[in-house]
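Step one of this worksheet: look at the structure below.
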Amino acid sequence: MNSIILGILSNLGASLLTKTFGIWLAKLAAKATNTMVDDNLVLLLEGGLENDAQKIEQAAKDILNEVSGQFTKQQ
């Protein structure tokens, strides 16, 4: 009985450490802020993990646009 419970807990722990779950947690944390910089950083990370050059490029452009927009607002 104990080995079954340990097996279940082991599988549960391994599933929580997957790339998909990590990206989901990062997106959830990014949505808690008021800026889009961190949201786009998560998309940049996700694109890198997926080897998706178009997604990486778009996220990088969006980050630059957001940062430059915030910089001009401060001046």
Side-chain angles (χ1 to χ4, degrees):
M1 182 69 170
N2 286 340
S3 63
I4 294 172
I5 293 172
L6 287 176
I8 291 171
L9 291 175
S10 174
N11 289 338
L12 179 63
S15 69
L16 293 177
L17 297 175
T18 63
K19 176 174 54 173
T20 304
F21 188 72
I23 293 293
W24 178 79
L25 280 178
K27 285 181 179 180
L28 187 64
K31 289 183 184 201
T33 63
N34 294 332
T35 66
M36 288 298 295
V37 174
D38 49 357
D39 295 270
N40 289 318
L41 283 172
V42 173
L43 292 176
L44 182 68
L45 174 66
E46 186 176 26
L49 290 172
E50 295 173 357
N51 291 324
D52 185 343
Q54 186 176 6
K55 196 172 198 177
I56 293 169
E57 182 180 350
Q58 185 61 48
K61 285 179 182 179
D62 291 342
I63 290 168
L64 290 173
N65 287 337
E66 181 74 19
V67 170
S68 66
Q70 288 179 1
F71 182 70
T72 56
K73 287 180 188 176
Q74 290 177 354
Q75 292 184 351

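- Considering NZ of K27 and CG of L41, their distance stands at 13.5 Å, rounded to 0.5 Å.
- Listed by chain and residue number, nothing satisfies the side-chain hydrogen bond (donor to acceptor under 3.5 Å, both in side chains) test with K19 (two or more places apart in sequence, or in another chain).
- Note that CG of L44 is 11.0 Å distant from CG of D52, once rounded to the nearest 0.5 Å.
- Atoms CG and CD1, from L45 and I56 in turn, are 9.5 Å apart once rounded to the nearest 0.5 Å.
- Under a hydrophobic clustering in which Ile, Leu, Val, Met, Phe, Trp and Tyr are joined whenever their side-chain heavy atoms come within less than 4.5 Å, directly or via other members, L28 and F21 fall into the same cluster.
- Annotation: side chain to side chain contact (heavy atoms under 4.5 Å, CB included) contacts of N40 (sequence neighbours excluded): M36, L43, D62, I63.
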